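Bear in mind that the values here come from a model prediction, so they are computed numbers and not experimental data. Hydrogens, waters and symmetry mates are skipped; everything else that's a heavy atom, side chains included, is used.
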Amino acid sequence: MKTLVILGNRMNDDASPSQLMLKRMAIALDAIDRYNPDNIVVCGGIANPTANIAEAHWMKQYLTENGVTLPIICEDKSLTTKQNAQFCSEILSNWDVDTIYLCTSPEHMNRLYLNPKRLFRHYTRKQHIRIVAVSKVKENR
């Protein structure tokens, strides 16, 4: 089973998405077309209490409004990249996942400290899941 995991970004105070969140969603829509996952996990809790919306819930709504019909599961408790990996791996442990397409923005994926791919590799190591970094839209799209 192939799963697309999309990492959120802090919502603006008015509960609108940040520009970085919109960039990640464009990458996600491209990844859905490119990799044809079986399902999606959107990650992110209420990192901005003023906005009072979980990033995962906003992303699920965005994907649905943009025609995505795949099953979408919300991991809506995490507030950090480390928690994204930890809580998402708990969800994935109940499925027969062999590949994760880990979707976020390039600047997030390329961090040395708290690198998302490295964190997901750590938390899923016992599950023997292949992790593919997805952090940009295909050029000819």
Side-chain angles (χ1 to χ4, degrees), residues 1-139 141:
M1 177 186 304
K2 300 181 296 186
T3 299
L4 178 66
V5 174
I6 307 168
L7 304 183
N9 183 252
R10 183 181 169 98
M11 303 298 289
N12 293 324
D13 286 348
D14 65 356
S16 65
S18 66
Q19 287 302 309
L20 195 53
M21 175 73 94
L22 292 173
K23 182 178 184 179
R24 290 180 185 181
M25 298 313 293
I27 296 166
L29 290 173
D30 181 65
I32 291 166
D33 289 343
R34 235 190 314 168
Y35 299 111
N36 194 29
D38 298 298
N39 55 31
I40 299 169
V41 178
V42 288
C43 298
I46 302 175
N48 183 349
T50 303
N52 198 32
I53 182 171
E55 298 159 15
H57 295 186
W58 183 88
M59 289 188 287
K60 182 177 182 174
Q61 180 179 337
Y62 178 92
L63 292 169
T64 302
E65 289 174 357
N66 281 276
V68 175
T69 58
L70 295 168
I72 303 171
I73 291 77
C74 290
E75 180 289 293
D76 60 2
K77 304 291 185 238
S78 60
L79 300 177
T80 66
T81 305
K82 183 178 179 180
Q83 288 177 346
N84 289 156
Q86 181 182 2
F87 300 159
C88 186
S89 71
E90 292 169 8
I91 292 169
L92 298 176
S93 70
N94 297 312
W95 304 343
D96 187 24
V97 175
D98 55 33
T99 304
I100 294 173
Y101 294 98
L102 183 58
C103 181
T104 189
S105 49
E107 55 278 355
H108 192 207
M109 192 66 75
N110 295 326
R111 288 193 315 199
L112 294 177
Y113 177 70
L114 293 178
N115 176 278
K117 186 174 180 182
R118 197 168 33 236
L119 287 167
F120 271 80
R121 189 177 296 125
H122 171 76
Y123 282 103
T124 61
R125 72 183 176 275
K126 292 179 184 171
Q127 299 170 39
H128 306 289
I129 298 173
R130 177 176 158 242
I131 300 172
V132 177
V134 181
S135 60
K136 57 185 171 181
V137 175
K138 192 174 180 180
E139 294 299 318
R141 180 157 212 233

Using a 3.5 Å distance criterion without hydrogens, assess whether the side chain of [X] forms a donor-acceptor pair with backbone atoms of [Y].
X: N115; Y: M109; result: yes
X: D14; Y: S16; result: yes
X: S18; Y: M21; result: yes
X: R24; Y: I6; result: no
X: E75; Y: S78; result: yes

[atom1]/[X] to [atom2]/[Y] distance, rounded to the nearest 0.5 angstrom?
X: N39; Y: L92; atom1: CG; atom2: CG; result: 8.0 Å
X: Y35; Y: K2; atom1: OH; atom2: NZ; result: 10.5 Å
X: T64; Y: L70; atom1: OG1; atom2: CG; result: 10.0 Å
X: N84; Y: L119; atom1: CG; atom2: CG; result: 9.0 Å
X: K23; Y: S105; atom1: NZ; atom2: OG; result: 6.0 Å
X: Y62; Y: L22; atom1: OH; atom2: CG; result: 6.0 Å

Can E55 and K60 be counted as an ion pair, charged N to O under 4.0 angstrom?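 Not counted as a salt bridge, because no side-chain N and carboxylate O are separated by less than 4.0 Å.
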Does the side chain of [X] reach to within under 4.5 Å of the side chain of [Y], using non-hydrogen atoms?
X: I72; Y: V42; result: yes
X: W95; Y: V41; result: yes
X: I32; Y: I40; result: yes
X: D38; Y: P71; result: no

Indicate whether any N or O donor in one side chain lies under 3.5 Å from an N or O acceptor in the other, for [X] and [Y].
X: Q86; Y: S89; answer: no
X: N48; Y: N12; answer: no
X: H108; Y: T81; answer: yes

Looking at every non-hydrogen atom in both residues, tell me the closest pair between [X] and [Y] and how far apart they are.
X: A54; Y: G44; result: CB-O, 3.7 Å
X: W58; Y: A15; result: CD1-O, 4.5 Å
X: A31; Y: P37; result: O-CD, 4.3 Å
X: A28; Y: L4; result: O-CD2, 3.9 Å
X: A51; Y: M11; result: CB-CB, 4.0 Å
X: R111; Y: R118; result: O-NH2, 4.2 Å

Verify side-chain contact (heavy atoms from CB on, under 4.5 Å) between N52 and I46, making sure each step is shown before the conclusion. CA-CA 6 Å; N52 198 32; I46 302 175; 4.0 Å; yes
Candidate pair F87 and L79, rule side-chain contact (heavy atoms from CB on, under 4.5 Å), full reasoning: CA-CA 10 Å; F87 300 159; L79 300 177; over 6 Å; no
Hey, mind stepping through L7 and L102 against side-chain contact (heavy atoms from CB on, under 4.5 Å) and telling me if it holds? CA-CA 8 Å; L7 304 183; L102 183 58; 4.1 Å; yes
Test side-chain contact (heavy atoms from CB on, under 4.5 Å) applied to L63 and M25, step by step: CA-CA 8 Å; L63 292 169; M25 298 313 293; 3.6 Å; yes
Does a sphere of radius 6.0 Å around CD in Q19 hold more than 12 heavy atoms from other residues, nucleotides or ligands, not counting ones at 6.0 Å or beyond?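 Atom CD in Q19 is not crowded, with 12 or fewer foreign heavy atoms closer than 6.0 Å.
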Considering residues at least two apart in sequence or located in another chain, which fulfil the side chain to side chain donor-acceptor pair (under 3.5 Å) criterion with R34?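 Scan of R34 (side chain to side chain donor-acceptor pair (under 3.5 Å), adjacent residues dropped) gives D30.
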